[in-house]
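Here the structure is laid out as structure tokens; the discussion comes afterwards.
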There are 2 protein chains.
Amino acid sequence: MKTKITLKDIARELEVSISTVSKALKNSEEISRDTKEKIQAFAKLYNYKPNNIAISLKNKRTKNIGVVIPDIVHHFFTTVIRGIEKYANAKGYNVIVCLSEESFDKEVINMEMLANGSIDGFIMSLSSETQAKNDYNHLKEVTEQGIPLVLFDRVTNEVDCDKVIIDDELGGYMATKKLIDEGRKKIALITTDDYLSVSKARAEGYRKALLESNLSLDESKILKLSTMEVDEKSIRHFFNNQEVDAVLCVNEVFTVFSMRLLQEKGLNIPKDVSFIGFTNGLLSEFANPRLTVVAQHGEKMGEISAQMLIEKVESENEEETFQTKILEPTLVVRDSTIN
Amino acid sequence: MKTKITLKDIARELEVSISTVSKALKNSEEISRDTKEKIQAFAKLYNYKPNNIAISLKNKRTKNIGVVIPDIVHHFFTTVIRGIEKYANAKGYNVIVCLSEESFDKEVINMEMLANGSIDGFIMSLSSETQAKNDYNHLKEVTEQGIPLVLFDRVTNEVDCDKVIIDDELGGYMATKKLIDEGRKKIALITTDDYLSVSKARAEGYRKALLESNLSLDESKILKLSTMEVDEKSIRHFFNNQEVDAVLCVNEVFTVFSMRLLQEKGLNIPKDVSFIGFTNGLLSEFANPRLTVVAQHGEKMGEISAQMLIEKVESENEEETFQTKILEPTLVVRDSTIN
DNA sequence: TTGTATGCGTTATCAT
DNA sequence: ATGATAACGCATACAA
């Protein structure tokens, strides 16, 4: 086992001082060509690489980014991570991923763990429990300590920091508008309880589009599920009691499940009923029929988040100026709507 | 901005030495009750937390695990990460995720970056390019440096280390057997080139089951795609030239895509053709019909990987004894086969 | 009971 | 041109 070599080891072997070695490896002008060559050759031979931890301690910079997300078995969040990774890696940063699993406590614990020197900044999306509790002290503490924070997708106005979101209201609006333009009159919305910021915004867009088109806003056509799991019973019950000619769902799973339900009832999609979902994932692409969806551009979101964070991390000035970037969603039209 | 407080700060404020503070906060018997209480109260008031980096440097233990995977927008890998996180977090470890994006070079760069002190050990799954190149020097270097390594799913015999795999051959066998038991005679296999260890093993199981049942092994019924992307043209061409009554695919996407193709041709699934895929993800659950699949138990795999790694990391003894854990896949029977 | 000194691996400042 | 020293934050063996 050839263990890692340190500056000290090189110094001892070559009978020079540690600082000489350090300078030589940085190609300092102070050191003579001869000794530089000797030291560099030796270092190369023994594959010397500076120890990241020591450098972190010295520089008070870890070159690590903490990413805290509610769920990783989830298409949207993984695309965001991919975007973060891409940008961060290019800038020499590593990404420490922590999962809150939608739990407030885990979110707090994870952040505290990372905040003690492990990372230079946070990129995160709030857990549903945190949004429900509306308690953001753990975020505030972090920012008060001067640790940069970027919130994405599931954000809150309660915390002053950089944010990256998509215009979910616009997404809801665009989708609903599309259904209206198809001539649909009885447009249902399947969503989650309002505590989830994104669901709320999407519902807002839905309402706006309906009102704008002078379609009545029928609250009984809105189904609010308490979690993001597919609640089969509620959905069945809903469709047994509602006549609809179009459905907007706040995620892929609700969409595909509902669609199948109506298909089993003998309805044709999109002839009898049109469907639009949120998230442009595998399900949308491979469902039958393929789904028309509002795409969220997660990878872009990740890249922008990372960019904003690293800028803050590396900027010297202390001026507290935060911005919120709003990305526009895109309607990807496929076969669950009429073209 | 209230910046982080250090032992030194506390020592200065309370006019004691740093070591006294350090000991007091560890509740050492050496320190008098009075000073302990005073120091602990002060520390609590100012929310003192030891700096992880300093501790890492001192202990030569980072409490970080490096996870290198080929792709994160991928159901199986995310379930594995979830399992790793779960176990690692419970043990006080953080997870640094790096993506090779199926590239050999990125895999090498990521590992080198992490190997310089950032992590205590690696958990990884090989990129397809690495498996194709059959070059594992970067892994060997890491293990020679004494850094523990656990390979999962996509592994190689070329490297001596702990491994966790599922019995892919058995999975292929079970699936094929199920199709044979249904009375299928013309069973196709849609897979990737052999360089992917898992695909190779699955194909082996397929062959074994056919031969065992005295069914002829017709190589023209095997379609090898060069990547994991859906190659629409090749698949269409294949089904235009092959008559089949059952199809086994090495992933979900191939399965759903092929199934749709045959459905468009007017065939009924599973009446005319049965389908079995690998990976029990969203697609399988929500496809139409719902897929019968070989489940890989990714989360379990992640937990076991983390457990094996942490055991090695924390064990003192140097004895090089490696083990390979083989998990059994499970056949999840749904509606794309006949029950 | 408290404090001093040393070291983890590196870099920067200040001698020599 | 080279080296000694201090510092990053913490822990610990050893002194007092």
Side-chain angles (χ1 to χ4, degrees), chain A residues 3-40 42-43 46-64 92 113-120 145-146, chain B residues 3-40 42-43 46-64 92 113-120 145-146:
Chain A
T3 180
K4 277 259 159 191
I5 191 177
T6 71
L7 290 183
K8 193 194 240 180
D9 298 328
I10 301 181
R12 186 174 3 85
E13 288 307 311
L14 265 39
E15 298 183 296
V16 291
S17 78
I18 295 179
S19 48
T20 302
V21 177
S22 175
K23 287 171 187 164
L25 292 178
K26 293 199 127 46
N27 235 322
S28 161
E29 292 302 324
E30 290 180 33
I31 309 298
S32 74
R33 270 195 34 165
D34 275 12
T35 36
K36 272 203 283 196
E37 280 174 5
K38 190 177 59 177
I39 292 174
Q40 290 173 356
F42 188 92
Y46 287 93
N47 191 31
Y48 168 79
K49 291 280 167 50
N51 179 304
N52 292 333
I53 299 292
I55 290 179
S56 293
L57 184 60
K58 185 111 242 295
N59 299 346
K60 303 184 147 230
R61 285 277 174 80
T62 62
K63 286 263 179 179
N64 284 156
M113 194 153 167
L114 294 181
N116 298 319
S118 298
I119 50 91
D120 296 339
Q145 278 175 35
Chain B
T3 178
K4 278 260 159 190
I5 192 177
T6 70
L7 290 185
K8 193 194 240 178
D9 298 328
I10 301 180
R12 188 174 1 86
E13 287 306 310
L14 266 36
E15 297 184 301
V16 291
S17 78
I18 294 179
S19 56
T20 302
V21 178
S22 174
K23 287 170 187 165
L25 292 178
K26 293 199 125 49
N27 234 323
S28 160
E29 293 302 326
E30 291 180 30
I31 309 297
S32 74
R33 270 194 35 164
D34 275 12
T35 36
K36 270 203 283 194
E37 280 175 6
K38 190 177 60 176
I39 290 174
Q40 288 174 358
F42 188 91
Y46 287 94
N47 191 30
Y48 169 79
K49 292 279 167 50
N51 179 302
N52 292 334
I53 298 293
I55 291 179
S56 294
L57 187 58
K58 181 116 245 298
N59 300 347
K60 302 181 149 234
R61 282 279 173 80
T62 62
K63 286 259 178 184
N64 285 156
M113 194 152 166
L114 294 181
N116 297 320
S118 298
I119 49 92
D120 296 338
Q145 277 174 35

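Order of the sequence lines fixes the chain letters, A, B, ..., with proteins taken first and strands second; residue numbering starts at 1 for each chain.
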Between [atom2] on [N] and [atom1] on [X], what's the gap in Å once rounded to a whole number?
X: B:Asn52; N: D:dC10; atom1: CG; atom2: P; answer: 10 Å
X: A:Lys38; N: D:dT2; atom1: NZ; atom2: P; answer: 8 Å
X: A:Ile18; N: D:dA4; atom1: CD1; atom2: C1'; answer: 10 Å
X: A:Leu7; N: D:dG3; atom1: CG; atom2: C1'; answer: 14 Å
X: B:Lys4; N: D:dC8; atom1: NZ; atom2: P; answer: 17 Å
X: B:Ile53; N: C:dC8; atom1: CD1; atom2: C1'; answer: 13 Å
X: B:Lys63; N: C:dC8; atom1: NZ; atom2: P; answer: 22 Å
X: B:Lys26; N: D:dA13; atom1: NZ; atom2: C1'; answer: 15 Å

With sequence neighbours left out, which residue pairs that include part of residues 10-26 of chain B fulfil the salt bridge (charged side-chain N to carboxylate O under 4.0 Å, His left out) condition?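 Listed once each, the pairs are B:Asp9-B:Arg12, B:Lys23-B:Glu30.
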Selected nucleotide, minimal atom distance to [X] side chain, candidates [options]:
X: A:Lys58; options: C:dG3, D:dT2, D:dA7; value: D:dA7
X: A:Leu57; options: D:dA11, C:dG9, C:dT10; value: C:dG9
X: A:Lys23; options: C:dT2, D:dA11, D:dT2; value: D:dT2
X: A:Ile55; options: C:dT11, D:dA1, D:dC10; value: C:dT11

Less than 3.5 Å between a donor and an acceptor, one on the side chain of B:Ser19 and one on the base of C:dT4, is that the case here?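 When only heavy-atom distances are counted, B:Ser19 does reach the base of C:dT4 through a donor-acceptor pair under 3.5 Å.
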With no angle test and no hydrogens, is the base of C:dG9 tied to the side chain of B:Lys60 by a donor-acceptor pair under 3.5 Å?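 Side chain to base: no pair below 3.5 Å.
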Heavy-atom pair of closest approach, residues A:Leu25 and A:Ile39: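 Distance-wise, the nearest heavy atoms are CD2-CG2, 4.0 Å.
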Specify the closest pair of heavy atoms between A:Ile53 and B:Ser56, including all atoms of both residues, with the distance to one decimal.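 Shortest heavy-atom separation between A:Ile53 and B:Ser56 comes out as CG2-CB, 3.9 Å.
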Do A:Ile31 and A:Thr20 come close enough that some side-chain heavy atom pair is under 4.5 Å?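 Yes, at least one pair of side-chain atoms sits under 4.5 Å.
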For the backbone of [Y] and the side chain of [X], can you confirm whether one donor and one acceptor N or O come within less than 3.5 Å of each other?
X: A:Ser22; Y: A:Ile18; result: no
X: A:Lys4; Y: B:Gln145; result: no
X: B:Asn52; Y: A:Leu114; result: no
X: B:Gln40; Y: B:Ala24; result: yes

For C:dG3, does either OP1 or OP2 sit under 4.0 Å from a side-chain N or O belonging to B:Thr20?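 True: B:Thr20 side-chain N/O within range (under 4.0 Å) of C:dG3 OP1/OP2.
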On DNA chain C, check which nucleotide each of A:Glu30 and A:Thr6 is closest to and give me the residue with the more 5' one.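 Nearer the 5' end of the strand: A:Thr6.
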NA contact type, [X], heavy-atom cut-off 4.0 Å: base, sugar-phosphate, or nothing?
X: B:Ser32; value: sugar-phosphate
X: B:Ser56; value: nothing
X: B:Ile31; value: base

What parts of residues 8-16 of chain B reach DNA chain D, counting only heavy atoms under 4.0 Å away?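 Contacts with DNA chain D under 4.0 Å: B:Lys8.
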